[in-house]
Protein chains: 2
Amino acid sequence: MSKYQNEEEVILNYNSNKYITPDGYTSDIAIFTITNVEEEINNYKKKKALKIMLIQRAELDAEGEPNIEGGKWALPGGFVQPNETAYEAAKRELSEETGVSGVHLKHFGVYDKPGRDRRGWIISNAHYAIVPEFHLEKRIAADDAAEVELFTIDEAFNLDLAFDHRAIITEAINNIKRDMLQTNVAKEFLSSVFTVSELQQVLLAVYYHKSIESDNFFKKIKNLPFIERVSNKDIKTQRNSKRPATLYRFIEEEDNEIASKYF
Amino acid sequence: MSKYQNEEEVILNYNSNKYITPDGYTSDIAIFTITNVEEEINNYKKKKALKIMLIQRAELDAEGEPNIEGGKWALPGGFVQPNETAYEAAKRELSEETGVSGVHLKHFGVYDKPGRDRRGWIISNAHYAIVPEFHLEKRIAADDAAEVELFTIDEAFNLDLAFDHRAIITEAINNIKRDMLQTNVAKEFLSSVFTVSELQQVLLAVYYHKSIESDNFFKKIKNLPFIERVSNKDIKTQRNSKRPATLYRFIEEEDNEIASKYF
DNA sequence: CTAATAGTGTCTATAAGACACTATATA
DNA sequence: TATATAGTGTCTTATAGACACTATTAG
């Protein structure tokens, strides 16, 4: 009556062809950095700006055939291997693309709308990563420069973007904005010790708000439970001004994700 | 030299077998409801509790063979079809499982760790849904009762759960907690008009906090920009007490997702 | 001295929390 | 009358924001 005696045998005889399966499972990464700029917008001196790294798809693929969405700008990414998660694939691809590991990487969405990729049923896991500018500049210099570039957000949205990457980038920015205000990811854009105005400029680069720009920000910083001034009161820096500035650091917490609601 | 002249031809000849592809793409749903209870925990009278609907996997499958993870309790779900997104599949499955549509449904994670399903490389999209108790009771009564049940969260974690559903349920609860405090999903657990104490009990069922339990909650409610008392001052209800209580409703907003930070 | 960045002091309005109090119904 | 839920008043303390002010350096 029953063909198989137990679960083991059933698994050995399991045939996934009973179901229609996807044609591809991929990970894409919106790689962000913050660069120094000189800009004055109605009395406020903007010193840092958020940028995204995009790659230009080749016109021809490895076999010399016309490439899908060739010539358009796209998020770096690639196919997930069966022995890894989408998150691990993103980590691997980030390392391949920029040579860095150990930086902030976060999954924020799945893009699986039928027809999003003309090659078939291809599912993309979207991640955003925060990489110090230094690493990206090395990467871009190493390349022949034409096909990897850093863009401001405005510039990126004026490009001809591949697939549904416009929507993915929009969501990536929404996520990074929210995380900047509700968690302590801001630290990923800063060196291990930083001045109040450096933190202020990083926040303003991603999310402009009067309360962040105001002088009051200096007082607020002293009351935040996850930021402390470096112990020795004489440790200061003059890298941003003639008057030496106090240095602060983020206190490591178990619960990084819910630092929340502070800025 | 080049086999194909243009992108069209390349797509027509695209062969997904160049890459290893997943063996299955599924959607699972943590279906939550809030039921009335009578319980007293150190001076605070708990009147509502969060519950989750789980199904017990059959011992034998449709062909009479031993079923994978048979006998264990699991989240309802199923395979995504190639003409729909994971979200649409979840909507369809929710409707098949409970007969309801138009309720709150949200994607919150992807589970794709190799080995999570012994049948192969199977990716699950996790969603949570909020369904009024009434519908679930109908569903459970219609079934032969043994294989669909409502559990409190504590009860659920004491069951033998299939696959990685323990981890999925844990994350579902984290997400619903956060959303209850930062958005106005609370309304999904309430009827269209409600009393202050009903809202209070719904919030307490998901996230206990002194400030919610306190009398001050009554004053707070009047200042929330997304809640209003129903227009006619005489419209009251006695369903919870002898003294008639004022009825309130949620004001519909475009930006439901960022009602944020109010409770 | 000036210019530039780094901070502080002070005032006001509002919100959060503790907790005692009053109100309206039924039985 | 007692009891249960509904709701208010008052006080204290903490915080947010506006905005004017002082501090420290280089040149």
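First the proteins, then the strands, lettered A, B, ... as listed; each starts at 1.
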- Query: Got L204(A) and K48(A) here, is their nearest side-chain heavy-atom distance under 4.5 Å?
  - Reply: no

- Query: Roughly, in whole Å, what's the span from CG in N223(B) to C1' in dG17(C)?
  - Reply: 15 Å

- Task: Ignoring backbone atoms, establish whether K47(B) has a side-chain N or O less than 4.0 Å from OP1 or OP2 of dT5(D).
- Result: yes

- Any side-chain N or O of K222(B) less than 4.0 Å from the OP1 or OP2 oxygen of dT8(D)? yes

- Message: Using five base pairs at each end to define the local axes, how bent is the helix from dC1(C)-dG27(D) to dA27(C)-dT1(D), to the nearest 10°?
- Response: 10°

- Determine whether E171(B) and N175(B) make a side-chain contact, defined as any pair of heavy atoms from C-beta on separated by less than 4.5 Å. yes

- Message: What I want to check is whether the side chains of N158(A) and E155(A) have a donor and an acceptor closer together than 3.5 Å.
- Response: no

- Message: Within the structure provided, determine whether L199(A) and I227(A) are in side-chain contact (heavy-atom separation under 4.5 Å).
- Response: yes

- Protein-to-nucleotide contact annotation, 5' to 3' order, nucleotides 18-27 of chain C [B base; S sugar-phosphate only; - none; under 4.0 Å, heavy atom]: BBB--BBBB-

- Message: Is it the case that over 12 heavy atoms from other parts of the model lie below 6.0 angstrom from the CD atom of E40(B)?
- Response: yes

- Task: Select base, sugar-phosphate, or nothing to describe what K45(A) touches, counting heavy atoms under 4.0 Å on all strands.
- Result: sugar-phosphate

- Note on the structure: Separation of dT25(D) atom C1' from R239(A) atom CZ, nearest Å, is 17 Å

- Distance in angstrom units between K236(A) NZ and dT5(C) P, rounded: 17 Å

- Message: Expressed as a whole number of angstroms, how long is the span from K220(B):NZ to dT14(C):C1'?
- Response: 14 Å

- CD of E213(B) versus P of dT5(D): gap in Å, rounded? 13 Å

- Query: Are any of T246(A)'s side-chain N or O atoms less than 4.0 Å away from OP1 or OP2 of dG7(C)?
  - Reply: yes

- Message: Rounded to whole Å, how long is the line connecting atom CZ of F218(B) with atom P of dT10(D)?
- Response: 19 Å

- Message: When you compare the side chain of L94(A) with that of V131(A), does any pair of heavy atoms fall below 4.5 Å?
- Response: yes

- Message: If you count heavy atoms of other groups shown closer than 6.0 angstrom to NZ of K113(B), is the number above 12?
- Response: no

- Grab the CZ-P distance between F194(B) and dA6(D) for me, whole Å please. 14 Å

- Item | Atom-to-atom span, CG of L224(A) to C1' of dT15(D) - whole angstrom | 12 Å

- Query: Hey, does L75(B) have a side-chain heavy atom less than 4.5 Å from the side chain of L54(B)?
  - Reply: yes

- Query: Would you say K47(B) and N36(B) make side-chain contact, with heavy atoms under 4.5 Å?
  - Reply: no

